Amino acid sequence: MDVYNGDYIDTEGRKQKWPEEFLRKNIETTEAQRQSFTRAHAAGVAIVYGTMLACIRMGSTPDSFPSWSSAA
């Protein structure tokens, strides 16, 4: 699960004019991931962090930290 990819996909998808259905589904699944992450964190599940280099541009990993903290 990655709580940042949804933000990235939404931003880039809108810039690149992706189909509205793709963007809508992304928003729905991103919110579901954030709710699951929040419940897991509240339940005391250990959370680990890994890189997303296969998904987003090099050097933007720190951009994802606010998404993590807002979901927790």
Side-chain angles (χ1 to χ4, degrees):
M1 172 174 62
D2 185 333
V3 297
Y4 176 67
N5 278 354
D7 293 340
Y8 182 81
I9 289 169
D10 188 59
T11 300
E12 292 301 312
R14 289 183 191 286
K15 284 182 192 174
Q16 297 175 28
K17 302 198 183 319
W18 291 5
E20 191 58 39
E21 181 181 5
F22 293 5
L23 299 172
R24 179 185 54 77
K25 288 181 179 181
N26 175 63
I27 290 168
E28 291 170 1
T29 57
T30 297
E31 184 57 29
Q33 286 180 353
R34 289 191 173 147
Q35 290 172 4
S36 296
F37 181 89
T38 300
R39 285 193 304 271
H41 183 263
V45 173
I47 306 294
V48 298
Y49 184 80
T51 184
M52 300 165 290
L53 290 178
C55 302
I56 60 175
R57 65 179 164 68
M58 179 69 110
S60 63
T61 299
D63 296 344
S64 68
F65 292 132
S67 297
W68 282 79
S69 60
S70 67

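Quick note: residue numbers are just sequence positions, from 1. As the structure is a prediction and not an experimental result, all values here were calculated from the model.
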Roughly how far, to the nearest 0.5 Å, is the [atom2] atom of [Y] from the [atom1] atom of [X]?
{"X": "Arg34", "Y": "Thr29", "atom1": "CZ", "atom2": "OG1", "value": "10.0 Å"}
{"X": "Glu12", "Y": "Leu23", "atom1": "CD", "atom2": "CG", "value": "11.5 Å"}
{"X": "Asp10", "Y": "Lys15", "atom1": "CG", "atom2": "NZ", "value": "11.0 Å"}
{"X": "Glu20", "Y": "Arg14", "atom1": "CD", "atom2": "CZ", "value": "5.5 Å"}
{"X": "Ile9", "Y": "Trp18", "atom1": "CD1", "atom2": "CH2", "value": "5.5 Å"}

Requested in this report: With sequence neighbours excluded, tell me which residues meet salt bridge (Lys or Arg N to Asp or Glu O under 4.0 Å) with Glu31.
Outcome: none

